K.L.:
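The structure follows.
The shown structure was predicted, so the numbers you read here are calculated from the model rather than taken from an experiment. Worth knowing before you read on, the calculation uses all heavy atoms, side chains too, and leaves out hydrogens, waters and symmetry mates. All ligand and atom numbering here is 1-based and tracks the order in the structure.
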Amino acid sequence: MKGTILVTGGLGFIGSHFVRHALGRWQECRVVNLDKLTYAANPENLADLEGEPRYTLVRCDIADREAVERVFCDFAPELVVNFAAESHVDRSILDAQPFVRTNVQGTHTLLEAARAHPVARFLQISTDEVYGDIPFGAPPAEEDAPLRPSSPYSATKAAADLLCLAYARTYRIPVVIARPCNNYGPNQFPEKLIPLMIRNALAGEILPVYGDGEQVRDWIYVEEAAEAIGLVLERGQIGAVYNVSAGDERRNREVVELLCRIIAAEIGADPSELRSRIRSVPDR
Ligand code: NAD
């Protein structure tokens, strides 16, 4: 692939891995990283790219129409990959407004910019949470499964998907949608399950698990997700949806117990002492 890839939210967790992956995979591409630098952004994630001629960081809000328009005029991207989002379910339950603004209005702003400045691909990064809860052992949701989001976060992601598909149909915007499952790996903000447990375990604090911890999640290593997203960008069919999943389903409690074993082995602690700090807290 050649040309300019506009990556939004590239200072966040998955976006930062994708920026690095893209620069390595497509030597003739440059990456413009458009990020608002919210609390979830960490410039350190890509600090080593400073001075890299094929990489530019632009501080910009995807919901700011004029600013986005300027970016499209200045950089004329051929490809758009939209990672930018408010992404923490708990925060969406406390206040959904920033989620509606960034995840829905922001996606709309990008789609409008892509209407005015045609692109070869518009890859929307969605989530498997748009399918709702899947019971343990049930077959994974297919891409055409009904959307049953159960949090304000996943509802805004589902809304963005539907807008993208409508823009593909109505205005022939070359939209492709990727729906990754839960990612884990370096650079994740420590409010999310795995980094939070690691932090609390090392700090001697309790390990809070929602309800009975029976909630099931499918987990993928973030570098593998970035690679799969690259594949979808390269080969995905316009108008299609692709689940990005590892088929590695685990109950939350099982994940936390596994972390206790790994951390105990790493620091020479007693795994049962770590496990004794697991506490059930009211489910959100
Ligand atoms: P993150 O919260 O770590 O990072 C989000 C990034 O987007 C940050 O750098 C932030 O500054 C930026 N951002 C937020 N609002 C913005 C705005 N209005 N304008 C421009 N930039 C803005 O997110 P993440 O966990 O890396 O998730 C990235 C994408 O992948 C999201 O769309 C999320 O819904 C999706 N996703 C994440 C997971 C996961 O396990 N983390 C799983 C499935 C899907």
Side-chain angles (χ1 to χ4, degrees), residues 6-21 32-47 57-68 71 80-92 97-110 113 123-131 141 149 151-161 163-164 177-196 217-226 228-229 232 241-246 248 250 252 255:
L6 180 68
V7 176
T8 71
L11 289 180
F13 172 41
I14 311 178
S16 60
H17 286 276
F18 181 77
V19 167
R20 200 178 295 288
H21 177 75
V32 175
N33 177 6
L34 184 164
D35 200 299
K36 186 181 176 184
L37 278 99
T38 69
Y39 78 94
N42 185 356
E44 284 301 309
N45 289 346
L46 295 177
L57 172 65
V58 180
R59 185 173 200 163
C60 173
D61 177 351
I62 59 164
D64 180 337
R65 203 164 170 156
E66 279 175 22
V68 168
V71 170
V80 176
V81 186
N82 182 25
F83 287 94
E86 289 292 337
S87 69
H88 191 44
V89 173
D90 294 15
R91 288 178 188 262
S92 79
Q97 203 281 330
F99 291 73
V100 173
R101 179 180 156 83
T102 289
N103 302 0
V104 184
Q105 194 183 325
T107 302
H108 176 245
T109 303
L110 290 170
L123 176 55
Q124 171 70 5
I125 307 301
S126 177
T127 165
D128 68 350
E129 292 194 37
V130 297
Y131 302 121
S151 69
Y153 160 67
S154 50
T156 57
K157 295 296 289 184
D161 284 13
L163 258 183
C164 286
I177 296 179
R179 292 191 181 136
C181 62
N182 275 47
N183 280 233
Y184 67 95
N187 300 354
Q188 191 165 28
F189 194 78
E191 65 189 354
K192 304 280 171 64
L193 181 72
I194 291 180
L196 180 72
R217 304 276 181 272
D218 184 2
W219 291 93
I220 187 169
Y221 186 60
V222 64
E223 287 179 7
E224 288 173 7
I229 290 166
V232 173
V241 177
Y242 295 89
N243 289 342
V244 174
S245 130
D248 194 2
R250 302 197 184 224
N252 281 353
V255 171

K.L.:
Please check if atom CZ in Arg65 has more than 12 non-hydrogen atoms from other residues, nucleotides or ligands closer than 6.0 Å.
P.N.:
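12 or below, so no.
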K.L.:
Could you tell me which non-hydrogen atom of Val130 sits nearest to which non-hydrogen atom of Ser126, and how far apart they are?
P.N.:
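Nearest pair, atom of Val130 first, then Ser126: CG1-OG, 3.8 Å.
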K.L.:
Can you pull out the closest protein heavy atom to atom 9 (O) of ligand 1? Residue, atom name and distance to 0.1 Å, please.
P.N.:
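Going by distance alone, atom 9 (O) of ligand 1 is nearest to Asp35 OD2, 2.7 Å.
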K.L.:
Please confirm whether Ile62 comes within less than 3.5 Å of ligand 1 when only nitrogen or oxygen atoms on both sides are compared.
P.N.:
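In this structure, Ile62 places an N or O atom under 3.5 Å from an N or O of ligand 1.
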K.L.:
Is there at least one pair of N or O atoms, one from Asn82 and one from ligand 1, spaced under 3.5 Å apart?
P.N.:
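For ligand 1, there is no N or O atom that lies under 3.5 Å from one belonging to Asn82.
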K.L.:
Look up atom CD1 in Ile229 and atom CD1 in Ile14, then write down how far apart they are to the nearest 0.5 Å.
P.N.:
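That separation rounds to 6.0 Å.
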K.L.:
Are Cys181 and ligand 1 in contact, using a heavy-atom cut-off of under 4.0 Å?
P.N.:
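Yes, Cys181 has heavy atoms under 4.0 Å from ligand 1.
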K.L.:
I'd like the name of whichever of Thr109, Thr127, Thr102, Val244 reaches closest to atom 15 (N) of ligand 1 through any heavy atom.
P.N.:
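The residue whose heavy atom sits nearest atom 15 (N) of ligand 1 is Thr102.
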K.L.:
Check step by step if side-chain contact (heavy atoms from CB on, under 4.5 Å) holds for Asn33 and Leu46.
P.N.:
CA-CA 10 Å; Asn33 177 6; Leu46 295 177; 3.8 Å; yes
K.L.:
Which atoms of ligand 1 are found less than 4.0 Å from any heavy atom of Ala84?
P.N.:
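Going through ligand 1 atom by atom, the ones under 4.0 Å from Ala84 are 7 (O), 20 (C), 21 (N), 22 (C).
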K.L.:
Within less than 4.0 angstrom of ligand 1, does Ser126 place any heavy atom?
P.N.:
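The answer is yes, since Ser126 has a heavy atom less than 4.0 Å from ligand 1.
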K.L.:
In the protein, which heavy atom is nearest to atom 26 (O) of ligand 1, and how far is it?
P.N.:
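Of every protein heavy atom, Ile14 N, 2.8 Å lies nearest to atom 26 (O) of ligand 1.
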K.L.:
Would you say Thr38 and ligand 1 have an N/O pair spaced under 3.5 Å apart?
P.N.:
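Yes - when backbone and side-chain N and O of Thr38 are compared with those of ligand 1, one distance drops under 3.5 Å.
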K.L.:
Name the closest protein heavy atom to atom 34 (O) of ligand 1, giving the residue it belongs to and the distance to 0.1 Å.
P.N.:
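Looking at atom 34 (O) of ligand 1, the protein heavy atom closest to it is Tyr153 OH, 2.6 Å.
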K.L.:
Check for me whether Phe83 has a heavy atom closer than 4.0 Å to any atom of ligand 1.
P.N.:
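It does, in that a heavy atom of Phe83 comes within the 4.0 Å cut-off of ligand 1.
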K.L.:
Would you say Tyr184 contacts ligand 1, with heavy atoms under 4.0 Å as the rule?
P.N.:
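It does not, in that no heavy atom of Tyr184 comes within the 4.0 Å cut-off of ligand 1.
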K.L.:
Given the side-chain rings of Phe189 and Tyr39, with only the six-membered ring counted for Trp, is the space between their centroids under 6.0 Å?
P.N.:
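When the ring centroids of Phe189 and Tyr39 are compared, they turn out to be within the sub-6.0 Å range.
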K.L.:
Suppose I only count heavy atoms of Asn182 and a 4.0 Å limit; which atoms of ligand 1 are within that range?
P.N.:
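Those qualifying, in numeric order: 40 (O).
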K.L.:
Ignoring angles and geometry beyond distance, decide whether Glu86 reaches within less than 3.5 Å of ligand 1 through its nitrogen or oxygen atoms.
P.N.:
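Checking ligand 1 against Glu86, no N or O pair falls under 3.5 Å apart.
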K.L.:
Just jot down the ligand 1 atoms closer than 4.0 angstrom to any heavy atom of Asp61, in number order.
P.N.:
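Those atoms are 17 (C), 18 (N), 19 (N).
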K.L.:
With a 4.0 Å cut-off on N to O distance, would you call Glu191 and Arg91 a salt bridge?
P.N.:
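Salt bridge present between Glu191 and Arg91.
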K.L.:
As a check for students: among Gly9, Gly106, Gly185, identify the option with a heavy atom nearest to atom 7 (O) of ligand 1.
P.N.:
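Looking at heavy atoms only, the winner is Gly9.
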K.L.:
Checking Asp90 against Tyr153: is there a side-chain donor and acceptor pair closer than 3.5 Å?
P.N.:
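Absent: no donor and acceptor within the cut-off.
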K.L.:
Strictly distance-based, threshold 3.5 Å: is any side-chain N or O of Asn103 a donor or acceptor partner for the main-chain N or O of Arg101?
P.N.:
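A pair under 3.5 Å: no.
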K.L.:
Counting non-hydrogen protein atoms only, what is the nearest one to atom 30 (O) of ligand 1? Give residue, atom name and distance.
P.N.:
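Nearest neighbour among protein heavy atoms for atom 30 (O) of ligand 1, to 0.1 Å: Ile125 CG2, 3.5 Å.
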K.L.:
Any carboxylate oxygen within less than 4.0 angstrom of a Lys/Arg side-chain nitrogen, looking at Arg179 and Asp161?
P.N.:
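Yes, charged N to carboxylate O under 4.0 Å.
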K.L.:
Is it the case that the side chain of Asp61 and the backbone of Lys36 share a donor-acceptor pair, with hydrogens and angles ignored and the cut-off at 3.5 Å?
P.N.:
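Such a contact is absent between Asp61 side chain and Lys36 backbone.
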K.L.:
Would you name the heavy atoms of Cys181 and Ala246 that are closest together and state the gap between them?
P.N.:
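Scanning both residues completely, I find the closest heavy atoms to be SG-N, 4.0 Å.
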K.L.:
Pairing donors with acceptors under 3.5 angstrom, does anything connect the side chains of Lys157 and Ser87?
P.N.:
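No, no side-chain donor-acceptor pair sits under 3.5 Å.
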K.L.:
Give the contacting part of Lys157 toward ligand 1: side chain, backbone, both or neither, where contact means a heavy-atom distance below 4.0 Å.
P.N.:
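It is the side chain that touches ligand 1; the backbone stays farther off.
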K.L.:
For the pair His17 (side chain) and Pro186 (backbone), establish whether a donor and an acceptor sit closer than 3.5 Å, ignoring hydrogens and angles.
P.N.:
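Side chain of His17 to backbone of Pro186: a pair is present.
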K.L.:
To which protein heavy atom is atom 5 (C) of ligand 1 closest, and what is the distance rounded to 0.1 Å?
P.N.:
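Looking only at protein heavy atoms, the one closest to atom 5 (C) of ligand 1 is Ala85 O, 3.6 Å.
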K.L.:
Run the numbers on Val32 and Val7 for side-chain contact (heavy atoms from CB on, under 4.5 Å), then give the verdict.
P.N.:
CA-CA 6 Å; Val32 175; Val7 176; over 6 Å; no
K.L.:
Going by the order shown, which atoms of ligand 1 are within less than 4.0 Å of some heavy atom of Ala40?
P.N.:
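Those qualifying, in numeric order: 2 (O).
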K.L.:
Give the ring-plane orientation class for Phe18 versus His21, where under 30° counts as parallel, over 60° as perpendicular and anything between as tilted.
P.N.:
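Tilted: the ring planes of Phe18 and His21 meet at 30° to 60°.
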K.L.:
Ligand 1 and Asp128, any nitrogen or oxygen pair closer than 3.5 angstrom?
P.N.:
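Looking only at distances, the answer is no, because the N/O contact criterion of under 3.5 Å is not met.
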K.L.:
What is the nearest protein non-hydrogen atom to atom 2 (O) of ligand 1, stated with its residue, atom name and distance?
P.N.:
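Of every protein heavy atom, Ser87 OG, 2.7 Å lies nearest to atom 2 (O) of ligand 1.
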K.L.:
As an exercise, identify every atom of ligand 1 less than 4.0 angstrom from a heavy atom of Leu37.
P.N.:
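Matching atoms, with element in brackets: 11 (O).
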K.L.:
Which residue holds the protein heavy atom closest to atom 4 (O) of ligand 1, what is that atom called, and what is the gap in Å?
P.N.:
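The closest one turns out to be Gly12 CA, 3.3 Å.
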K.L.:
Among all protein heavy atoms in this structure, tell me which lies nearest to atom 21 (N) of ligand 1, with the distance rounded to 0.1 Å.
P.N.:
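Looking at atom 21 (N) of ligand 1, the protein heavy atom closest to it is Lys36 N, 3.0 Å.
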K.L.:
Heavy atoms only: which of Phe99, Phe13, Trp219 is nearest to atom 24 (P) of ligand 1?
P.N.:
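Heavy atom nearest to atom 24 (P) of ligand 1 belongs to Phe13.
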K.L.:
My understanding is that we take every heavy atom of each candidate and find the minimum distance to atom 40 (O) of ligand 1. Doing that for Val130, Asn183, Asn187, which one comes out nearest?
P.N.:
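Looking at heavy atoms only, the winner is Asn183.
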K.L.:
May I ask whether Gly10 places a heavy atom under 4.0 Å from ligand 1?
P.N.:
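Not so, Gly10 does not reach ligand 1.
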K.L.:
With the threshold set at under 4.0 angstrom, would you say Thr8 reaches ligand 1 through any of its heavy atoms?
P.N.:
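Flag not set, Thr8 not near ligand 1.
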K.L.:
Locate the shortest heavy-atom distance separating Asp35 from Ala41; write the atom from each residue and the value.
P.N.:
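In terms of heavy atoms, the two residues are closest at OD1-CB, 3.8 Å.
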K.L.:
For ligand 1, which atoms sit closer than 4.0 Å to a heavy atom of Cys60?
P.N.:
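Taking each heavy atom of Cys60 in turn, ligand 1 has 19 (N), 20 (C) under 4.0 Å.
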K.L.:
List the steps, then state whether side-chain contact (heavy atoms from CB on, under 4.5 Å) holds for Ile194 with Val255.
P.N.:
CA-CA 8 Å; Ile194 291 180; Val255 171; 4.0 Å; yes
K.L.:
Could you go step by step and tell me if Val81 and Ile125 meet the side-chain contact (heavy atoms from CB on, under 4.5 Å) rule?
P.N.:
CA-CA 7 Å; Val81 186; Ile125 307 301; 4.0 Å; yes
K.L.:
Are any of the N/O atoms on Pro180, whether in the backbone or the side chain, positioned under 3.5 angstrom from an N/O atom of ligand 1?
P.N.:
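No, since none of the N or O atoms of Pro180 sits under 3.5 Å from an N or O of ligand 1.
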